[in-house]
Amino acid sequence: MGKMVSRDPVILKEQAIRYACILLDIADGKKLDFDELILEKRGTTIWVHFAVRPKGNRRYVDF
């Protein structure tokens with residue numbers, strides 16, 4: 001899970017999307033399915049949750 005903080009909400013959202021894309025590229029490159037990718041906003045902070053487990057994958061995406 002990663003935490004991003006910025007004073008500009010547009011830059012913050014763009015950073016979260018870029019970070020999520022990098023994580024998806026890594027998972028695809030290693031041919032690993034992921035369990036969840038969630039971009040969550042709490043106040044002025046955006047959290048990126050990304051989980052990869054060896055079994056029980058469900059490829060869950062939520063914004």
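Summarising the geometry, atom CD1 belonging to I26 is positioned 11.5 Å from atom SG belonging to C21; distances are rounded to the nearest 0.5 Å. Interatomic distance, CZ of R42 versus CH2 of W47, reported as 6.0 Å (0.5 Å rounding). Separation of atoms CG (L24) and CD1 (I17) is listed at 11.5 Å; rounding is to 0.5 Å. Once rounded to the nearest 0.5 Å, the distance linking CD of Q15 with CD1 of I46 reads 9.0 Å.
A pairwise comparison of heavy atoms in A16 and L39 identifies O-CD2, 4.0 Å as the closest pair.
Residues V48 and I22 do not share a hydrophobic cluster, defined by chaining ILVMFWY side chains whose heavy atoms lie under 4.5 Å apart.
Remark: the H49 side chain and the E40 side chain contain an N/O donor-acceptor pair separated by less than 3.5 Å.
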